[in-house]
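Data first, discussion second: the structure below is written as structure tokens.
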Amino acid sequence: MTAVKELLLSRIRDVADYPEPGVMFKDITPLLADPEAFTALTDALADIAVRSGATKIVGLEARGFILGAPVAVRAGLGFIPIRKAGKLPGATLSQAYDLEYGSAEIEVHAEDLNAGDRVLVIDDVLATGGTAEASVQLIRRTGAEVAGLAILLELGFLGGRQRLEPVLSGALLESLITV
């Protein structure tokens, strides 16, 4: 494991039985509070953005905003938030997707992405891949190309990568840490 991965992993705190019994929550707030770790994370994700040929960064609500915005600044790219339904003013495009118990919907401003854009999606955790899959579908509906998906922490045992690889059609899927 590289020094950066070791640093990042050392700043991710396990919280047992949150948000419900039996779940081991991966809390990234200690990483965000540590300037050295947060800078290392931002640099690593910005490197992925540059290598992917992205022209814009999309951050998924809510921690994808925290990670994606400084990456966009560092890489010299625009930042676009993908929000939960009903949070953006004006004309939006939306994408519904299924959750374990129910469904959800995400939105992007209709004018923020278009043909010619190469978009890198950034989020903190890849679990089952449902939200990431919906974001890829939504981005493609704008006419933009998906350059890939960059994740801080992949929970490999939940199968998100297997779900996303066919949807990404060869686009980059890179996780800095996999547990």
Side-chain angles (χ1 to χ4, degrees), residues 1-2 4-6 8-9 11-29 31-32 41-42 44-49 51-52 54 56-69 71-72 79-85 93-108 113 118-142 144-179:
M1 183 182 279
T2 68
V4 170
K5 288 182 182 181
E6 289 175 8
L8 299 177
L9 193 55
R11 300 305 188 274
I12 297 171
R13 178 176 60 141
D14 287 343
V15 180
D17 299 320
Y18 182 83
E20 59 187 53
V23 173
M24 182 63 72
F25 184 79
K26 300 294 187 182
D27 181 14
I28 69 164
T29 56
L31 187 156
L32 300 174
L41 172 60
T42 301
L45 292 173
D47 179 62
I48 294 169
R51 285 190 286 110
S52 75
K56 291 192 177 161
I57 299 293
V58 157
L60 302 182
E61 189 164 346
R63 291 179 297 263
F65 298 174
I66 297 167
L67 304 183
V71 168
F79 175 79
I80 310 299
I82 287 187
R83 308 256 357 232
K84 295 175 183 173
L93 292 174
S94 64
Q95 181 71 43
Y97 62 102
D98 292 327
L99 299 169
E100 188 174 350
Y101 301 105
S103 63
E105 193 172 359
I106 54 175
E107 294 180 332
V108 67
L113 296 171
R118 282 186 47 83
V119 180
L120 180 68
V121 178
I122 293 184
D123 206 5
D124 64 330
V125 175
L126 174 59
T128 63
T131 306
E133 180 180 19
S135 74
V136 167
Q137 293 167 340
L138 182 57
I139 290 163
R140 287 188 177 139
R141 286 183 45 225
T142 70
E145 179 184 348
V146 176
L149 179 62
I151 304 293
L152 166 59
L153 179 66
E154 179 178 345
L155 306 177
F157 59 93
L158 292 176
R161 178 174 292 271
Q162 291 76 16
R163 177 180 185 166
L164 288 173
E165 284 178 339
V167 175
L168 287 169
S169 304
L172 175 82
L173 174 51
E174 194 163 332
S175 302
L176 297 178
I177 300 167
T178 301
V179 295

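Remember, predicted model here, so these are calculated numbers, not experimental data. In what follows, every heavy atom counts, from backbone to side chain, and hydrogens, waters and symmetry copies are set aside.
Side chain of Arg163 to backbone of Leu158: no donor-acceptor contact under 3.5 angstrom is found.
Considering all non-hydrogen atoms of both residues, Val179 and Phe157 come closest at O-CD2, 4.0 Å. The nearest pair of heavy atoms linking Leu164 to Gly129 is CD2-O, 3.7 Å. Of all heavy-atom pairs between Val108 and Pro81, the closest is CG2-O, 4.0 Å. Closest approach of Arg161 to Ser175, counting heavy atoms only: NH2-OG, 3.6 Å. Residues Ala134 and Gln95 approach most closely at O-CG, 3.5 Å, considering heavy atoms. Closest approach of Gly64 and Phe79 over heavy atoms only: O-CE1, 4.2 Å.
No more than 12 heavy atoms of other residues, nucleotides or ligands lie within 6.0 Å of OH in Tyr18, so this atom counts as exposed by the packing criterion.
Using a 4.5 Å heavy-atom cutoff, the side chains of Leu173 and Leu126 are in contact. The closest side-chain heavy-atom distance from Leu32 to Leu67 is below 4.5 Å. Glu61 has its side chain out of reach of Ile106: every pair of non-hydrogen atoms, C-beta onward, lies at least 4.5 Å apart. Leu155 places a side-chain heavy atom less than 4.5 Å from the side chain of Lys26. The shortest side-chain heavy-atom distance between Val146 and Val119 does not fall under the 4.5 Å cut-off. Counting heavy atoms from C-beta on, the side chains of Ile177 and Ile12 come closer than 4.5 Å.
In this structure, CD on Glu174 lies 9.0 Å from CG on Leu45, to the nearest 0.5 angstrom. Between Arg63 atom CZ and Asp123 atom CG the span is 7.5 Å, to the nearest 0.5 Å. Expressed to the nearest 0.5 Å, how far CZ of Phe65 lies from CD1 of Ile80 amounts to 11.0 Å. Interatomic distance, OG of Ser52 versus CG of Leu120, reported as 4.5 Å (0.5 Å rounding). Here the straight-line distance linking atom CD of Glu107 with atom CG of Leu138 works out to 8.5 Å at 0.5 Å rounding. Between atom CG of residue Asp124 and atom CG of residue Asp27 there is a gap of 10.0 Å, rounded to the nearest 0.5 Å.
Of the residues listed (Val167, Val58, Val121, Ile48), the one engaging Leu149 in a side chain to side chain contact (heavy atoms under 4.5 Å, CB included) is Val121, and it is the only one.
In summary, Glu145 and Arg118 engage in a salt bridge, as defined by a charged side-chain N under 4.0 Å from a carboxylate O.
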Pair Leu152-Ile28, side chain to side chain contact (heavy atoms under 4.5 Å, CB included): steps then yes or no: CA-CA 9 Å; Leu152 166 59; Ile28 69 164; 3.7 Å; yes
